[in-house]
Amino acid sequence: MSTSTSLNEQEAREQLLELAAEFYDQFAEGDVPRMQIPTRTKSNIEYDEEKDVWVYGDRSSTRSAKTVSGAQKLLKATYTIDFLANQLEEDRSSTLRELYYLSESWDLDEAQFNTQDESNNLIEDLEIVSEVKREDFHMRPEESGAKVMGPLLLREQTRRGDREIHCQKDVGQGGYQIPNNPDTIEFLENDADFVLAVETGGMRDRLVENGFDDEYNSIVVHLGGQPARATRRLIKRMRNELDLPVVVFADGDPWSYRIYGSVAYGSIKSAHLSEYLATPDAQYIGIRPEDIVEYDLPTDPLSDSDVNALESELEDPRFQTEFWEEQIELQLEIEKKSEQQSLAARGLDFVTDTYLPTRLEEMNVL
Amino acid sequence: MTSLQSSLGDESEIAQELAESQRAISIAEFFEKNKHMLGFDSGARGLVTAVKEAVDNALDAAEEAAILPDIYVEIQEDDQYYRLIVEDNGPGITKDSLPKVFGKLLYGSRFHAREQSRGQQGIGISAAVLYSQLTSGKPAKITSRTQGSADAQYYELIVDTDENEPEISVDEQTTWDRPHGTRIEIEMEANMRARQQLHDYIKHTAVVNPHARIELKEPSEHFKFERVTDQLPDETEEIRPHPHGVELGTVLKMLESTDSHSISGFLQNEFTRVGKKTAESVIEAFRDRHFGRGMTWPAPVSGEDVDVVAAVTEATANKGASATEEFATTIAAEIDDAGRVAYHDVEEIVDDAATAAEEAHGTTFGTTVRENAVEATWLELAPVATDDDLSIDETRTAADLYRRVNDATSSRKDDAVLDAFATRLAGKLADEDDHRHRLTRATLRSHVDRAAELTEDRDDTSFGDTARENVTEELWEFMATVPTDPPLVRELADDRDGTSDLVEAMRSTDIMAPPTRCLAPITDELIEAGLKKEFDADFYAAATRDAEVSGGDPFVVEAGIAYGGELEAEGSADVLRFANRVPLVYQRGACATTDVVKSIGWRNYGLDQPGGSGLPNGPAVIMVHVASTNVPFTSESKDAVANVPEIEDEIELAIREASRELKRYLNKRRSMQQRREKRNKLGTILPEMAKKLSAVTGREPLVIDDSIARIMNNVLVERTVEDGTVTITVENNADTIADVDLTDIVSVEPQETNGAQVIEMDGEWFVKWSESVGSGDEATLEYNVDGEADFDLSVEGIEDELLTVNA
């Protein structure tokens, strides 16, 4: 999939219209219009050795006009293509939620979306089949991208002209807000040694307050739970274009390991974009189960769902490395988990003065 | 069917007993007291019951004479009374049998008649006659013309209610336009409030009697139900009762009236499915129950302090040394050969040895000698404990019982406990008056129970029901049936307990199911015909089960279903209940049939059933026919079938069988419906999509018919079969010509195949037909089949995507 480069409006539009033309031809030949897309489930994800990321396997499903529901999906796809083509032509953009509401204005009831999941899924389908990224359709998710703080100067093309922004000097405490399409950013200069992706907002604020970014020349990126596509894309670009090592700092529980997984390996829902979004050599800094033991951190007991999640991670090919097997087995043994902020038990500066520097050195980042 | 115009089956026995107990009072008073049970509790119901009795009677009369019934029912409203007239085209009736049939209440119950008959259903036409006389005071007017006679005979009949004696008061010649038949006219106090039940009764009778023509004319309405088949119901044969279905009282009466002397003869002559071998099995089971079995004890083994030879020698006096020796050693050797012996075995062995010794030595071995030898041997094998030198726990009987008990109980039981138990059981046996150790199973069990209770008490252990039963069974197996001759029939007739043993023995013996020639089911085909005749529906199905047995009576259950069409769609489906071809009109809620219909999950079969239980909703008619030599009713008025599990099971299976066809039909209908809905839906969606696509791509408007045809599989092949005519229709809705090659594989030889090629192969006929069907055209092939046939149609020449086969 040629998704590594951003498409301009014209190209994106043409690729969408090509899909419409395919349907047109199928009708014209007396054939049954259909659209084939890979099955987007965990069982249809496989590792691409060459690119070091997780991509969709061979299994696919067909949306065909043979059934009423299939025909309805294709009808909606046609209407959505029409809408997107117009949007691109007019150089406008809209959110996924707006698309859902906007469909209400379509003259044909059958073409309207019933739920937002339906419209979201359709956009994903179109992304895959037309090989145009959502961002290039000018479709934004509802939530904005997360924030960046660190010694980085960049230029962003905005609707109000290009802006040059330094991510420490030109921003407030909150940092630089990542735009929905990070491909509109151009990196100008940086003085950074590494990128530190942080799971929770509280920890990000602690690092900024303690001046960690300044002291260690670090670009601190807030993930905010499962990171948005824009956040992952930006991290990937900083790794590739600025050649900065990337480390992920998250809670010491199975869900946080999955956050790391989606940064490093890509997620199931967007496996068609793994190459574009995933940072395969991102490293996990902590909290490791080992740290829980070593620093005697305050803990919570593992719940049943935590244990199940850990066990399923042990079977997940993405986590079958020596590091992860050791850590997960240790955690199952101690039956405990800790949050990032539990480090505060050793003082508010412990994380910036001791924990992170020690770990970074161990990992040869510093 | 062999009965006269009216006959009462076994079911009238209760009424008969009632009547007997009320001999002192007049029949009128008896009737008055029991009219609710007889179906005459109100004027409305009385009229329905009278019609029912008269029509049942008329149908039976015609069928017995192998005449297709033609029944006319008329109800006239007089000033004071209602007049009921029922005419049939039966063989007519002679003056002699007339009073018995129409006049005598509770007359003619044939003892143990086992045959399906309508007469079983009611108390009989005589009750209607009596009811009319009691309410109106008018005689019954009967006209009869026997086959071949020039004139008809007119009678008036009244019943002497004090004596229950019918009297013919008028007897004169008359003319009648029917060539043969009977006409009865009675007047009674009545009303037409049960008009609906009356109509139902007649209509439902027409459903299950498609061979009958029935006409009903009542004051405000007039119906005719035409005949649809010339096939009379199969003639039934009366059968003797089945041993599994008779009660003690019945057997006692049978014993009194039989001509047989021996039990074996009695069993073979009076019951169905009993031959010599079965009779022997029954008698063996009877012996076990009546006489008990004899306990067997093991022959002595080496090392055991048991010396049969010495014991016999000592007991035998003055027979000479060599004869005595031979006698004693023969006995010992025979016992050793037998392994285990009961008292009666010892008797036989001693007798044989005595006879042999007599022959060899010329000495007489008299009765006393023989008896002495038997006793001595038995005492040696099953010694009685004495206070002096043998305590009970040391006896060989106790030791043998220990082995039996040990085998029969679980290994968890303590040896000492089992030993104590065996000793107690040996004690119980020793205490028996009958030192031959002859016990019935019940006595054996009571001994086991007693020993077990003592063991539980004294040894503080549990000896539960399972263990007791296992021990009893094990010991019972080691006991031998005694050779004693069973009592003679005349002895047994006076012995209620003995007869009870016999009834139990009959029930416990495996006996082949009774024959079913005594039944005449309607058959699934005629049920369908009957439903078609009276209900205007879209779909009909019926099923006739194989005969089953309940309480010794064979029975057959049939079910039919009609669905759709003009049937009432609102409310519950109609349930039509029949017993021996007679509609059951009252007490729907008390009937096993209704219970079963309610218990079925109708949603599985495609019918709406609010709440998932209870009666399904219409438009449907569900009919159930129970045919039996003895339909179990909940009461004497015979309105509801009793909840007998075997019958309920068969009712359910019959309904389910018919319902499966309904399900197939409804599924098919639903899939056609879905197809139409799909076509409508796609008819909106796809043109819009095409329009949008042209707009988006800026190309010329699309024609999408081909795509839709492809999506809708637009060549439709359908088959219909009606009255043996098979019609295959190819409907081409596509834009192109459809060249179809059809092959229909038929299970019977097709006739008049209209040019189609027919090839026979292994008893199947391949009807091959090729046709080119133009766009929008239709082509049909017709051929005929004789009777039921299976079809299997394959269509070639059209892509599967463009084809729907509906055949």
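If you're wondering where the values come from, they're calculated on a predicted model, not measured in any experiment. Labels below follow one simple rule: chain letters A, B, ... track the order of the sequence lines, proteins then strands, and each chain is numbered from 1.
- Here CD of Glu22(A) is found 11.0 Å from CG of Leu693(B). Values are rounded to the nearest 0.5 Å.
- Between Lys692(B) and Asp107(A) there is no salt bridge, since none of the side-chain N atoms of the basic residue sits less than 4.0 Å from a carboxylate O of the acidic one.
- The closest side-chain heavy-atom distance from Phe27(A) to Leu686(B) is below 4.5 Å.
- Ranked by non-hydrogen atom pairs under 4.5 Å with chain B, the options Ala28(A), Ala65(A), Ala77(A), Ala85(A) are led by Ala65(A).
- We find the OG1-CG distance between Thr684(B) and Leu108(A) to be 8.0 Å, quoted to the nearest 0.5 Å.
- Heavy atoms from other residues, nucleotides or ligands lying under 6.0 Å from CD of Glu90(A) number more than 12.
- Around the CG atom of Asp91(A), the shell of radius 6.0 Å holds more than 12 heavy atoms that belong to other residues, nucleotides or ligands.
- The distance from the OH atom of Tyr79(A) to the CE atom of Met689(B) is 11.0 Å, given to the nearest 0.5 Å.
- How far OG1 of Thr78(A) is from NZ of Lys691(B): 13.0 Å, rounded to the nearest 0.5 Å.
- Proximity to chain B is limited to the backbone of Gln26(A), based on heavy atoms less than 4.5 angstrom apart.
- Using a 4.5 Å cut-off between heavy atoms, Leu16(A) does not touch chain B at all.
- Contacts with chain B were tallied for Asn86(A), Thr67(A), Ile81(A), Asp82(A); Asp82(A) has the most, counting heavy-atom pairs under 4.5 Å.
- Annotation for Arg92(A): atom CZ does not count as buried by contact number, only 12 or fewer foreign heavy atoms lying within 6.0 Å.
- For the atom pair CG (Leu682(B)) and CD (Glu110(A)), the distance works out to 10.5 Å, reported to the nearest 0.5 Å.
- Heavy atoms of other residues, nucleotides or ligands lying less than 6.0 angstrom from CG of Asp304(A) number 12 at most.
- Using a 4.5 Å cut-off between heavy atoms, Leu75(A) contacts chain B through both its backbone and its side chain.
- Proximity of Tyr24(A) to Glu700(B): side-chain heavy atoms (C-beta onward) are separated by under 4.5 Å at one or more points.
- With a 6.0 Å radius and a threshold of 12 heavy atoms from other residues, nucleotides or ligands, Glu796(B) has its CD atom at or below the threshold.
- Using a 4.5 Å cut-off between heavy atoms, Lys678(B) touches chain A through backbone and side chain atoms alike.
- Note on Arg699(B), Lys681(B), Glu688(B): by heavy-atom pairs under 4.5 Å with chain A, the leading option is Arg699(B).
- Proximity of Thr697(B) to Leu17(A): side-chain heavy atoms (C-beta onward) are nowhere separated by under 4.5 Å.
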